[in-house]
Amino acid sequence: LEMGIEYPGEMSLYLDLVKPATAIVTSVALQHSEFLGNLASIADEKGKLVKQLPTSGVAILNWDDPMVRKMADLTKAETIFFGINEKNCHLFASNIKIENFRTNFEINYGVERVKIDYPLLGVYQVYSALAAAALGLSEGLSLAAVKKALEKMEPEEHRMVAIQGMGGSIILDDTYNGSPISVEAALDTISKVAARRRVVVLGETKELGKFSEEEHRKIGRSLYRDRVDLVLLGGGEANFIADELTRLGFPEDRLEYNLSNSDLVRRLLKILGKGDVCLIKGSRSLRLDEVVDRVAKKK
């Protein structure tokens, strides 16, 4: 049962209906901050799930997220930490690599270790895999069974799916959402894949309230740092990304902004070539999935 929350009091409403004995929390980020407020308020709302656990329950928490880690103080239930911290996690990932648009890593649990050839793309995907592994292990599955299950996973539609694009390019379709934390993860992913050129298409991020300008500017700084070859941006709040890149001295001939979806399609069809990798990402309401459909290689 996924108890995603967007509004204050929503978690309490869910907990009036069902009281889970096992809780998994992977991150605290500024999604839906327009309604939930700052990070502390979001953590408090999510923490209600952990706080209500019975003493016989289990809290499965991401050690690498400081705000999630603190939720262990809210409960007397058993706590299982996962992450990449070898000293403090009950199970941790190591030797993480992206190869052939898949993610390879090792899961370490006590004296056991297994290598995972994970079909999902992106270092950030390792955290959900670890959370699932922790749940399986807590329910008595062997690490070998966990490995078998994880390697059968398939990416969900529009969630960092690598598909063939026009001109011999590869399109990374990540148009399911455009939250800042997911944009950062997507940019990290494209920076790690082999490519002749890296092209990034981004739309604005919504529901950030007073944090919107700074979060978009942070995305601009990430783009500048990761040395992307070409940036194509939609309009609206995405103009803050363009402004930040310009302020930092990003080359004008590698940046285009205020583009409609039709503009994006025309531009991509003109420039994409063999060996290029193009990330397309934005909030669902922007319908960038339609851009993906137009630039994907037809079967």
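Note that these values count all heavy atoms, side chains included, but never hydrogens, waters or copies made by symmetry.
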If you compare all heavy atoms of [X] against all heavy atoms of [Y], which two are closest, and at what distance to 0.1 Å?
| X | Y | value |
| --- | --- | --- |
| L120 | P155 | CD1-N, 3.9 Å |
| T26 | A131 | CG2-CB, 4.2 Å |
| N177 | K281 | O-NZ, 2.8 Å |
| A195 | V277 | CB-CG2, 3.5 Å |
| I241 | G220 | CG2-CA, 3.8 Å |
| S222 | L187 | CB-CD1, 3.9 Å |

[Y] and [X], any side-chain heavy atoms less than 4.5 Å apart:
| X | Y | answer |
| --- | --- | --- |
| I116 | I107 | yes |
| L135 | T22 | yes |
| I171 | L272 | yes |
| R197 | I271 | yes |
| I80 | L137 | no |
| P20 | Q52 | yes |
| N258 | L233 | no |
| L61 | V50 | yes |

Just by modelled atom types, is the [Y] backbone N or O under 3.5 Å from a matching donor or acceptor in the [X] side chain?
| X | Y | result |
| --- | --- | --- |
| E10 | Y7 | yes |
| D276 | G273 | yes |
| E45 | G9 | yes |
| K115 | N104 | no |
| S142 | A145 | yes |
| T75 | M71 | no |
| N261 | R287 | yes |
| K46 | S27 | yes |
| S283 | T205 | no |
| E204 | A238 | no |

For [X] and [Y], does a side-chain donor sit closer than 3.5 Å to a side-chain acceptor?
| X | Y | answer |
| --- | --- | --- |
| N108 | S94 | yes |
| S169 | K274 | no |
| N88 | N85 | yes |

Strictly below 4.0 Å, N to O, side chains only: are [X] and [Y] in salt-bridge contact?
| X | Y | value |
| --- | --- | --- |
| E151 | K147 | yes |
| D243 | R217 | yes |
| D188 | K192 | yes |
| D73 | K70 | no |

Are [X] and [Y] linked, directly or through other ILVMFWY residues, by side chains that come within less than 4.5 angstrom of each other?
| X | Y | answer |
| --- | --- | --- |
| L223 | V193 | yes |
| V114 | I96 | yes |
| L264 | V228 | no |
| V231 | I280 | no |
| L259 | L286 | yes |

Note to self: Assess the residue pair S41 and N38 against the criterion (side-chain hydrogen bond (donor to acceptor under 3.5 Å, both in side chains)); give the C-alpha distance rounded to whole Å, side-chain angles, the decisive distance to 0.1 Å, and a yes or no.
What the structure shows: CA-CA 5 Å; S41 298; N38 58 24; 3.0 Å; yes
Using a 6.0 Å cut-off, check whether atom [atom1] of [X] has over 12 heavy atoms from anything other than its own residue.
| X | atom1 | answer |
| --- | --- | --- |
| K51 | NZ | no |
| K148 | NZ | no |
| Y257 | OH | no |
| N100 | CG | no |
| R294 | CZ | no |
| Y109 | OH | no |

Checklist line | Quiz item: cation-pi between R254 and F250, 6.0 Å / 45° | finding: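 That pair qualifies as a cation-pi contact.
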Check: Honestly, is R159 close enough over Y176, meaning NZ or CZ under 6.0 Å from the six-membered ring centre and within 45° of the axis?
Finding: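 Positive - R159 is close enough to the ring of Y176 and near enough to its axis.
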Item checked: side chain to side chain contact (heavy atoms under 4.5 Å, CB included) assessment of L279 paired with V199 -> CA-CA 6 Å; L279 168 68; V199 180; over 6 Å; no
How far does [atom1] of [X] sit from [atom2] of [Y], to the nearest 0.5 angstrom?
| X | Y | atom1 | atom2 | answer |
| --- | --- | --- | --- | --- |
| M3 | L49 | CE | CG | 5.5 Å |
| D173 | C278 | CG | SG | 10.0 Å |
| I60 | I24 | CD1 | CD1 | 4.5 Å |
| I98 | T103 | CD1 | OG1 | 5.0 Å |
| T189 | D174 | OG1 | CG | 8.0 Å |
| R102 | K97 | CZ | NZ | 15.5 Å |

Check: Does the side chain to side chain contact (heavy atoms under 4.5 Å, CB included) test come out yes or no for I190 and V200, once each step is laid out?
Finding: CA-CA 9 Å; I190 193 173; V200 172; 4.2 Å; yes
Margin query: Quick test of your reading: applying side-chain hydrogen bond (donor to acceptor under 3.5 Å, both in side chains), list the pairs with at least one residue in residues 118-139, sequence neighbours left out, ordered by first then second residue.
Written below: D64-Y127
Check: With sequence neighbours excluded, what pairs up with R69 under the side chain to side chain contact (heavy atoms under 4.5 Å, CB included) test?
Finding: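 For R69, the residues satisfying side chain to side chain contact (heavy atoms under 4.5 Å, CB included) (neighbours in sequence not counted) are W63, P66, F81.
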Next item on the list: Carefully, step by step, assess E184 and R221 under the rule salt bridge (charged side-chain N to carboxylate O under 4.0 Å, His left out).
Entry: CA-CA 10 Å; E184 293 283 348; R221 293 194 288 273; over 6 Å; no
